[in-house]
Each structure stands twice: as C-alpha cells, then as structure tokens.
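Position 1 is the first residue of the sequence; numbering continues from there.
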Amino acid sequence: MALHSTTTGLPPFPPPAPTRRTCSARAQASPIPEPNPGPPSPRPPTSLAVTDERTRRIAKELEKLKAREARERKEMTNRKIASQKAVSVILRREATKAIIDKSSRKKKGPINSKKLLPRTVLEALHERVTALRWESALKVFELLREQIWYRPNSGVYIKLIVMLGKCKQPEKAHELFQAMVDEGCVLDCESYTALLSAYSRSGLLDRAFFLLEEMKNTPGCQPDVQTYSILIKSCLQVFAFDKVQSLLSDMANHGVKPNTVTYNTLIDAYGKARKFSEMESILVEMLADRYCQPDVWTMNSTLRAFGNIGEIETMEKCYDKFQTAGIQPNVQTFNILLDSYGKAQDYKKMSAVMEYMQKYHYSWTIVTFNIVIDAFGKAGDLKQMEYLFRLMRSERIKPSCVTLCSLVRAYAHAGKPEKIGGVLRFIENSDVLLDTVFFNCLVDAYGRLGCLAEMKAVLEMMKQNGCKPDIITYRTMIKAYSFKGMDSHAKELREFFPTVNRPPLKRDKPDF
C-alpha cells in the first residue's frame, strides 16, 4: 500500500513522441533499455524510391553522354582520315587530268603516266566521246591502253567506233575494229553493227553491204533488226529505194522482223519522197503487226507527209485516228500542225492550236515561235508577228537566224525599211550568231525595197561577221541592179562568180 501511495504521488510521464513504432510486440516487451535520443528518423519508403530512380536516371544520362562523346571523337578521327584520303584522291585526279591534257596535245605522255586513276581516265574518255571530239578521244584511249591496269573491253571499242561513225571517220573506225580483233575481244553483232553504221553514215554503202554479208557468214554475229534498220535508213537518205526493198526481203528470209524504229524510218522517208502508196502500205503492215504498235513518231511522220503537200483534211483524219488509238501528241506534233496550217494560210485553225497548247501547258520551243512568227509575217499581220517576237524574248528563248530572216522578209514585203533597221539594232545588242543565209535574206530585202546603198553595205557587214558571200548573194544583188538599170554594177559583180562558194544542194532536215 505504501508503494502504491508513493507511486501515485509522483508527477506523470511526458506523453510519447508522435512517431510510428515499427518494432514488433515481442521487441517492445524485451527488457532492452531505450536508446538515447539521436539523429532524426529516416525518410519514408516513398522518398527512398524516388531518390533511387533519380540516381539511376542520372547514371544513364552520364553513360549516354560518355558514349556520345566517344562516338563524336571517333567520327572526328574518321573525318580527318577521310579528308586526308579525299585530298590525296583529288590531288591524284588533278595530276591524272593534267597528264591526260598533256597527252592530248602530245603524241606521247610523260614517263610516269602508266599508273593513273582508272575512274579519271574513263571519265575523260567518256567526256570526249560524248562531245564527238574524236581526235582527243583517240589520244586519251591510247593513254588508257598504256595503263598497267588496262584490260581490253569491247564496250569501250564499240563506243569509240560509233563516235567515229558520227564524225564521218570510217577509216579510223576500221582501224579500231581491227585493233579490237588483235587484242582478243570477242566480236558480236553489236561490234559489227557499229562498224557498219560508220560505213553507211559516210555513204560507203558497198562496204556496208559487204560487211553485212560477212556478218551472215560469221557464227554468233548474225545481223539483227538494228543492223538492218541502220542500213535501211542510209539507203533512204540517198533515195536507194530498190536496195531498201532488197533489205526488207532479206530480213523476211532470215526471220528478222521490223520494229517500230524500222517502220517509222520507212514511213518518214516515203512521206518526204511523196511516195504515199508505199507509205500507206508500210503503215497498214505496221498496224497489222500486234507486236509492233505505232507511236507518236509514227503519227508525226504521217502528219508531216500530208501537211507538206497541203492535204489538210487527210492530215486531220489521220490525227483523229491516231488519237483514237490512244497515241497522245507532243510538242513536235503541234509544231507540224502549226506549220501545215500556216502553209495553207488557215490562220483560224493555227490560232486554235496555239490556244490549245497554252491551255494544256505545252511549252513553246524556239521552233514553235519560228513557225508562228514566219506564218503571221507572210500573212502581213505585223502586229501579231511583233507580239509573238516580244513574247519569245520574255520567255527567255533566244532568237535564231531563222527568226530574224522571218522578220526581215515580212518588213520587206510590207515596205518598211526602217523596221529592218530596228532588227539590225537588236542584233547589235545581242549575241545571235549570224550566217550567210541571213545576210542573203537581208540583201534580198533591201533589193526589193530599192535601198541599193544599204544592200551594198551588207557586204561589209558580212566581212565583219566572218561570213563570205556566195553565189546567191551576188545573183540577188545583180538582179536588183539590173532592175534599176545599173548594168555596170551588175557586170562588175559577175566577175566574182568563178571565185564564190556555191551552197550545198542537200537540204537539211526540218528541225521539228
């Protein structure tokens, strides 16, 4: 009892701290004394999880940063190495080009010219072949053959032979063909066709036909449709229609069927020669061949043939039939229609074609402008002609001598010599390359207008522009002097006849 009374008289204990006890009941019952008050209790488990996640994220970011820095250092090192290699390659290429340029000017290259870069040498050769610089190309090819890495290649030889054919060098082409044989290249139809094309382009048809027979007797070199098409085109250019028929029969006997190019060549040639029955038979044969369908070139050749002779109705019917067959026109097609309507003086349909081209965004070419300017000039519609000339210049299309001739002729027929002076002033401020044809047109214009002093001054203009008068120049001036009764001047000009150049009889192909 005394104990009880003593206990109750003691002051009460302070209340427990408001902290959560995580120990078990058994631990609470143990007689272990309470520890002394120390540092504050740790954070709750949620704060620990957030801290650990942040630490891991920072560690990952540091790893990524280190990896990126290592990658950038490696890339920088690689770029330095690549830059050094690139500089080395550029220097070698420049040295190779210098050697090639020297070898193009000399017969032999330098002593150290046998280890040139293959790519640079082949690019130099390709550049010269494409530009038809046959002399320089052959010198580069000789340099190519001197390289230690050189191996004979029939494709290179064929490209060179084709180039020489275009440059009218059949003997050089034959020499390369023989060198190709000597170096062990395998001959095939393509190599023979290249040489045959070189002969036919130069008009050596006898040698071309001899080579054709040699191909027939050589295993693996039988002529194909391209071989026959090239020979047919050459025969048509010299109007050897009998040989064309012989070649077509030969193709049929050897089972070689014509292709679209063969048919188009025949249609175009027969149309220009006004052999319309033969042209129509070829066209019917082409339409009957299900493996060889007509294309836009077939349509253009047919339209040109009928348009040139004024068969406008037939031309329009052919145009409708080709369109019904699904063949769409191109700019050349519309140029042919414009030229045909212009010659027929059907300016209403001509304007309709022009509007159609503008509506459906067919870009006008210099040929288009030349056709319409000439047509309206001949019609005496100078206002429309001058508008088209201004439009041509605004479209940044450079006028040619054909354009200027059309303007001069139109002003001469309209009796406006002052307008011709305007054309000459335009020429002074431009870089149009003039030729003898333009000056002959100018002489004729001044002669028609009776401006004999200006006509005589054209001779000095020709001299300044590096053009020589030809037989047409003097005949035009003589006609003008004779018409004015100035026989002494005409007689003086006749003395130049034995020394002047005569224009070629062969007409150039139309540029549309």
Note to self: For Q384 and F389: C-alpha separation, side-chain torsions, deciding distance, then whether side-chain contact (heavy atoms from CB on, under 4.5 Å) applies.
What the structure shows: CA-CA 9 Å; Q384 182 69 8; F389 183 64; over 6 Å; no
Margin query: Regarding E142 and K139, does a basic nitrogen lie under 4.0 Å from an acidic carboxylate oxygen?
Written below: no
Next item on the list: Decide if the gap between the ring center of F209 and the ring center of Y199 is smaller than 6.0 angstrom.
Entry: no
Checklist line | Heavy-atom pair with the smallest gap, counting every atom of C451 and P417 | finding: SG-CB, 4.2 Å
Note to self: Distance alone, cut at 3.5 Å: any donor-acceptor contact between the side chains of N440 and T473?
What the structure shows: yes
Next item on the list: Check the pair Q328, Q323 against side-chain contact (heavy atoms from CB on, under 4.5 Å), reporting the backbone distance first and the verdict last.
Entry: CA-CA 6 Å; Q328 296 300 319; Q323 275 209 312; 4.3 Å; yes
Check: Rounded to the nearest 0.5 Å, what separation is found between the CG atom of L407 and the CE atom of M385?
Finding: 5.0 Å
Note to self: Go through it in stages, so that I can follow the logic: the residues are V331 and S363, the test is side-chain contact (heavy atoms from CB on, under 4.5 Å), and I'd like the CA-CA distance, side-chain angles, deciding distance and then a yes or no.
What the structure shows: CA-CA 7 Å; V331 176; S363 299; 5.7 Å; no
Note to self: Under the side chain to side chain donor-acceptor pair (under 3.5 Å) definition, can you give me all pairs with a residue in residues 412-428, not counting sequence neighbours?
What the structure shows: E386-K419
Next item on the list: Inspect the contact between E495 and K491 and indicate whether a charged nitrogen and a carboxylate oxygen are less than 4.0 angstrom apart.
Entry: no
Next item on the list: Mind running side-chain contact (heavy atoms from CB on, under 4.5 Å) on F322 and T302 for me, showing each step along the way?
Entry: CA-CA 10 Å; F322 278 113; T302 306; 3.9 Å; yes
Next item on the list: Take R128 and E135 through the test salt bridge (charged side-chain N to carboxylate O under 4.0 Å, His left out) and record every step on the way to the result.
Entry: CA-CA 9 Å; R128 286 158 174 78; E135 293 178 319; over 6 Å; no
Note to self: Check this for me: does any side-chain nitrogen of one of E311 and R304 sit under 4.0 Å from a carboxylate oxygen of the other?
What the structure shows: no
Check: Hey, mind stepping through E213 and K216 against salt bridge (charged side-chain N to carboxylate O under 4.0 Å, His left out) and telling me if it holds?
Finding: CA-CA 5 Å; E213 295 300 323; K216 295 177 186 177; 3.1 Å; yes
Notebook entry, point to check: Any donor and acceptor pair, going by atom type alone, linking the side chain of K398 with main-chain N or O of D431 inside 3.5 Å?
Noted result: yes
Notebook entry, point to check: Between the side chains of T365 and T368, does any donor sit under 3.5 Å from an acceptor?
Noted result: yes
Check: Would E355 and K359 pass as an ion pair if we require N to O under 4.0 Å?
Finding: no
Next item on the list: Using only heavy-atom distances, determine whether the side chains of D295 and N264 contain a donor-acceptor pair under 3.5 Å.
Entry: yes
Check: Can you find a side-chain donor-acceptor pair between Y481 and E492 that sits under 3.5 Å?
Finding: no
Item checked: Proximity of F276 and F306 rings by center, below 6.0 Å -> yes
Next item on the list: Kindly write out the residues that satisfy ring pair (Phe, Tyr, Trp, His ring centres under 6.0 Å) with Y228, not counting sequence neighbours, or none if the list is empty.
Entry: none
Note to self: Using the rule given for salt bridge (charged side-chain N to carboxylate O under 4.0 Å, His left out), can you reason through D444 versus K479, listing the C-alpha separation, both sets of side-chain angles and the distance that settles it, and then say yes or no?
What the structure shows: CA-CA 9 Å; D444 180 67; K479 181 180 178 181; 5.9 Å; no
Note to self: With no hydrogens and no angle check, just 3.5 Å: does a side-chain donor-acceptor pair link N370 and T403?
What the structure shows: yes
Next item on the list: Without swapping roles, check the side chain of S200 against the backbone of L196 for a donor-acceptor pair under 3.5 Å.
Entry: yes
Notebook entry, point to check: Does CZ in R274 sit with more than 12 non-hydrogen atoms of other residues, nucleotides or ligands closer than 6.0 Å?
Noted result: no
Next item on the list: Compute the centroid of each ring, for F334 and then for Y356, and state whether the two points are separated by less than 6.0 Å.
Entry: yes
Item checked: Derivation of the side chain to side chain donor-acceptor pair (under 3.5 Å) call for Y270 and E280 -> CA-CA 9 Å; Y270 284 134; E280 291 176 2; over 6 Å; no
Checklist line | Partner residues of E316 under the salt bridge (Lys or Arg N to Asp or Glu O under 4.0 Å) criterion, sequence neighbours left out | finding: K349
